[in-house]
A.B. asks: 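The structure follows.
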Amino acid sequence: MLKLYNSLSRKIEIFKPIDKEVKIYTCGPTVYDHVHIGNLSSFIYADLLARILEIDGYKIKQVMNITDIDDKMILRSKEEYPEESPENALANLAKLYETTFKQDISSVGIRLNKLDFIKATDSILQMQSLITKLVKNGFAYIADDGIYFSIEAYQKDKKKYGQLLELDIQNTSKARINNDEYDKHTAHDFALWKFMKPNEPAWSFEIDGKDYIGRPGWHIECSAMSNEKLGIPFDIHTGGIDLIFPHHENEIAQSTAGNSSPLYAKYFIHNEHLLIDKRKMSKSLGNVYNLTDLEEKKLDPLAFRLLILQSHYRNQANFSWELLKAASNRLKDLKNFAVLYYQTKPTAGSEINFTKITDEIKEASFDDLNIAKVLAILSNFQNLIQDELVNDNQKEEFKIFLNMLDNLLGLTLGKTTDINSEQYKIILDRDIARKSNDWKRSDELRDELLKSNIGIRDTTQGQIWFLV
RNA sequence: GGCGCCUUGACGGAGUGGUUACGUGGAAGUCUGCAAAACUUUUUACACCGGUUCGAAUCCGGUAGGUGCCUCCA
């Protein structure tokens with residue numbers, strides 16, 4: 001029984017899918033630069049959610065959008081490709097960072113082949129048709145500089161604007177709103193379509209015979225793309241906590257205006273932000289890192305994944321190089337647990353109840369993704385078998401267990417390889433040397449293995465190798 | 001000003017009315033031919049002040065500190 005915290009109700013709810021196939025929409029990146037490790041943490045949690053749903057037996061469809069048209073994209077593309085036309089500059093920039101984005105998320109164990117990507121610029125027609133519908137039905141109005149969504153009209157339709165947070169729309173005087181820049185009726189109305197400015201990419205958009213050439217607003221992109229791929233309503237919408245307002249609130253409004261049901265997504269799952277040395281990640285503090293910073297320090301991206309998994313998605317996780325090193329050590333330990341699979345014994349200790357451990361792990365992960373607890377269960381289990389090892393007749397069960405862990409955590413524990421026959425020969429020779437008390441020879445052989453990063457520990461069960 | 005969230009040991013980080021979470025690091029010990037690994041112990045745990053209760057880190061109230069959102073930032 002999977003339990004999830006739903007931002008709509010602000011409560012932990014029992015997950016019940018709308019239909020057999022669970023439909024998930026994950027707010028993806030704006031591809032104007034490398035994604036930073038905070039973005040990555042968000043995608044790792046979304047990936048984790050999908051994995052847990054699968055383990056719970058659901059078939060899933062997970063869509064991730066790629067925002068390749070917005071203010072930042074335009075600005076950056078002009079900087080990077082000043083010679084190109086606005087359209088080409090935009091396409092070049094998007095192509096470059098879409099590729100690096102996919103590499104990055106793949107490195108941190110996110111399964112690319114499980115994600116159904118959709119690009120904003122490929123869905124302009126869907127956005128336009130949604131905007132046209134909103135205009136025709138009176139939920140949007142055409143102003144001098146763009147087409148805006150009318151919150152007043154939405155509320156008159158007996159819909160609540162503020163489903164994800166309590167909003168005091170009347171009292172916005174405290175919020176610093178620069179209303180002069182836009183030609184909209186009220187402060188909270190937001191742009192669905194922005195009319196073309198010089199030197200900006202634009203798409204033709206005809207309503208009632210008139211061309212409103214321009215580009216989509218940010219929020220409409222996700223409404224159109226989610227509807228295109230998943231329909232409405234769908235099961236789960238994920239994203240960072242900052243997207244709650246206005247982005248997701250606006251998505252709900254656009255997508256449900258005029259519909260009989262106010263339901264857009266049944267569950268909204270939001271992850272907290274990653275802190276760097278307990279401080280907010282920001283350019284002014286110079287603490288915005290991306291994956292290349294990790295790779296330069298020769299740190300395994302999967303150690304970063306483990307660092308993220310160690311803390312709960314609804315808590316602010318902390319990142320520091322020291323913590324990453326700690327996570328890296330823990331990952332190594334987990335791998336050395338996994339290689340015990342190659343070192344089962346004919347007569348090891350007592351029978352291990354893999355089913356029980358598996359059930360405990362599943363139960364923890366189903367409890368609003370409590371991976372910290374999963375890892376604790378795993379550590380205890382690891383301590384249990386480290387000395388006694390696993391009996392040969394349970395080798396297959398061990399394999400299944402490791403596969404389950406990989407499906408859940410994505411740390412590729414099952415992908416470790418056995419040592420080769422030469423290395424086994426060294427272990428055998430060392431055994432002989434030890435039996436004849438030839439310690440010099442024994443130590444030489446141990447050093448030799450160490451050269452290929454294989455360590456040896458001498459236990460009552462004989463020599464056990466591990467990865468250094 | 002409005003609406004939220006958080007505060008656990010050296011450092012991270014779960015838990016949640018009575019029981020060792022767990023990890024990383026430091027120290028000591030056991031084991032060992034020596035190591036390594038493992039194991040054991042240790043390194044003032046639950047921000048502060050009240051209240052409820054037989055009992056509170058856990059529930060309630062207040063205080064302090066941190067933090068998020070209130071128009072485009074995962």
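Scope of the values below: all heavy atoms of this structure, side chains included, with no hydrogens, waters or symmetry mates. Since the structure is predicted, the reported quantities are computational estimates derived from the model, not experimental observations. Below, chains carry the letters A, B, ... as their sequence lines are ordered, and counting in each starts from 1.
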A.B. asks: Using atom P of each nucleotide, how far apart are B:A21 and B:U42 to the nearest Å?
C.D. replies: 12 Å
A.B. asks: Give the rounded distance in Å between these two atoms: CG of A:Leu334 and C1' of B:C22.
C.D. replies: 12 Å
A.B. asks: Quick one: on RNA chain B, does A:Asn250 or A:Leu375 contact a more 5' nucleotide (nearest heavy atom)?
C.D. replies: A:Leu375
A.B. asks: Say whether A:Asn6 and A:Glu13, considering side chains only, have a donor N or O and an acceptor N or O under 3.5 Å apart.
C.D. replies: yes
A.B. asks: With a 4.0 Å cut-off on heavy atoms, is A:Ala376 in touch with a base, just the backbone sugar-phosphate, or nothing at all?
C.D. replies: base
A.B. asks: Sequence neighbours excluded and cut-off under 3.5 Å, please list the side-chain donor-acceptor pairs for residues 326-341 of chain A, or say none.
C.D. replies:
residue  : atom : partner  : partner atom : Å
A:Arg330 : NH2  : A:Ser379 : OG           : 3.4
A:Asn336 : OD1  : A:Leu467 : N            : 2.6
A:Asn336 : ND2  : A:Lys332 : O            : 3.4
A:Asn336 : ND2  : A:Leu467 : O            : 3.0

A.B. asks: Among B:A74, B:A14, B:G4, which is the nearest nucleotide to the side chain of A:Arg10?
C.D. replies: B:G4
A.B. asks: Is a donor-acceptor contact shorter than 3.5 angstrom present between the side chain of A:Lys72 and the base of B:C73?
C.D. replies: no
A.B. asks: Pick the P atom in B:C34 and in B:U43, then give their distance to the nearest Å.
C.D. replies: 29 Å
A.B. asks: Please determine whether a side-chain nitrogen or oxygen atom of A:Asn329 lies at a distance below 4.0 Å from atom OP1 or OP2 of B:G25.
C.D. replies: yes
A.B. asks: Can you tell me, in whole Å, how much space there is between the P of B:G12 and that of B:G25?
C.D. replies: 15 Å
A.B. asks: Once ring-ring contact (aromatic ring centres under 6.0 Å, His included) is applied, do any residues pair with A:Trp439, and if so which ones, sequence neighbours excluded?
C.D. replies: none
A.B. asks: Does the salt bridge (Lys or Arg N to Asp or Glu O under 4.0 Å) test come out yes or no for A:Asp438 and A:Arg434, once each step is laid out?
C.D. replies: CA-CA 6 Å; A:Asp438 187 351; A:Arg434 286 172 61 73; over 6 Å; no
A.B. asks: Tell me the interatomic distance from A:His248, atom NE2, to B:C70, atom C1', rounded to whole angstroms.
C.D. replies: 17 Å
A.B. asks: Could you tell me the separation between the CG atom of A:Leu378 and the P atom of B:U24, rounded to a whole number of Å?
C.D. replies: 12 Å
A.B. asks: Rounding to the closest angstrom, what is the interatomic distance between B:G33 and B:A28 at atom P?
C.D. replies: 22 Å
A.B. asks: Which residues pass the ring-ring contact (aromatic ring centres under 6.0 Å, His included) test with A:Tyr212, not counting sequence neighbours?
C.D. replies: A:Phe195
A.B. asks: Could you tell me if A:Gln463 and A:Arg430 have a donor-acceptor pair between their side chains, going purely by distance under 3.5 Å?
C.D. replies: yes
A.B. asks: Please determine, for the side chain of A:Gln310, which listed nucleotide (B:G23, B:C11, B:C72) has the closest atom?
C.D. replies: B:G23
A.B. asks: So A:His36, base contact, sugar-phosphate only, or nothing? Heavy-atom distance under 4.0 Å.
C.D. replies: base
A.B. asks: A:Glu363 CD to B:A21 P: how many Å, rounded?
C.D. replies: 20 Å
A.B. asks: Measuring only the C1' atom in each nucleotide, how far is B:C39 from B:U20? A whole number of Å is fine.
C.D. replies: 15 Å
A.B. asks: How far, in whole Å, is B:C11 from B:U44 if one measures between their P atoms?
C.D. replies: 10 Å
A.B. asks: For nucleotides 33-39 of chain B, read 5' to 3', which letter fits each nucleotide if B means a protein heavy atom sits under 4.0 Å from the base, S means only the sugar-phosphate is that close, and - means neither?
C.D. replies: BBBBSSS
A.B. asks: So A:Ser41, base contact, sugar-phosphate only, or nothing? Heavy-atom distance under 4.0 Å.
C.D. replies: base
A.B. asks: I'd like to know whether A:Ser255 forms a side-chain contact (heavy atoms from CB on, under 4.5 Å) with A:Asn227, so could you lay out the CA-CA distance, the side-chain angles of the two residues, the decisive distance to 0.1 Å, and finally the verdict.
C.D. replies: CA-CA 8 Å; A:Ser255 297; A:Asn227 188 34; over 6 Å; no
A.B. asks: OP1 or OP2 of B:C6 less than 4.0 angstrom from a side-chain nitrogen or oxygen of A:Asn315, does that happen here?
C.D. replies: no
A.B. asks: Mind checking the P distance from B:U53 to B:C48? Whole angstroms is fine.
C.D. replies: 23 Å
A.B. asks: Would you check if the distance from the ring center of A:Phe190 to the ring center of A:His219 is below 6.0 Å?
C.D. replies: yes
A.B. asks: Whole-Å distance between B:G13 P and A:Ile308 CD1?
C.D. replies: 10 Å
A.B. asks: Looking just at side-chain N and O atoms, do A:Thr292 and A:Asn290 make a donor-acceptor pair shorter than 3.5 Å?
C.D. replies: yes
A.B. asks: Check the pair A:Tyr154 / A:Phe149 against ring pair (Phe, Tyr, Trp, His ring centres under 6.0 Å), numbers first and verdict last.
C.D. replies: CA-CA 9 Å; A:Tyr154 184 68; A:Phe149 186 87; 5.8 Å; yes
A.B. asks: Can you measure A:Arg330 atom CZ to B:A21 atom C1' for me and round it to whole angstrom units?
C.D. replies: 11 Å
A.B. asks: Determine whether the aromatic ring centres of residues A:His237 and A:His270 are separated by less than 6.0 angstrom.
C.D. replies: no
A.B. asks: Does a donor on one side chain and an acceptor on the other come within less than 3.5 Å for A:Asp68 and A:Thr121?
C.D. replies: yes
A.B. asks: Give me, pair by pair, the N or O atoms of the protein and of nucleotides 66-69 of chain B that are less than 3.5 Å apart, along with how far apart they are.
C.D. replies:
residue : atom : partner  : partner atom : Å
B:U67   : O2'  : A:Gln316 : NE2          : 2.9

A.B. asks: Rounding to a whole Å, what distance do you find between A:Leu324:CG and B:C11:P?
C.D. replies: 19 Å
A.B. asks: So for atom CD, which belongs to A:Glu152, do other residues, nucleotides or ligands contribute more than 12 heavy atoms lying within a distance under 6.0 Å?
C.D. replies: no
A.B. asks: Looking only at atom C1', what distance separates B:A14 and B:G9, rounded to whole Å?
C.D. replies: 14 Å
A.B. asks: So A:Gly38, base contact, sugar-phosphate only, or nothing? Heavy-atom distance under 4.0 Å.
C.D. replies: base
A.B. asks: From the list B:A74, B:G13, B:G12, which nucleotide is the closest neighbour of the side chain of A:Ser311?
C.D. replies: B:G13
A.B. asks: Check RNA chain B for consecutive Watson-Crick or G-U pairs with both distances under 3.5 Å and list the runs of at least three as stems.
C.D. replies: B:1-7 with B:64-70, B:10-12 with B:22-24, B:25-30 with B:38-43, B:47-51 with B:59-63
A.B. asks: Please tell me whether A:Asn250 and A:Tyr161 have a donor and an acceptor in their side chains that are separated by less than 3.5 angstrom.
C.D. replies: yes
A.B. asks: Whole-Å distance between B:A14 P and A:Leu309 CG?
C.D. replies: 12 Å
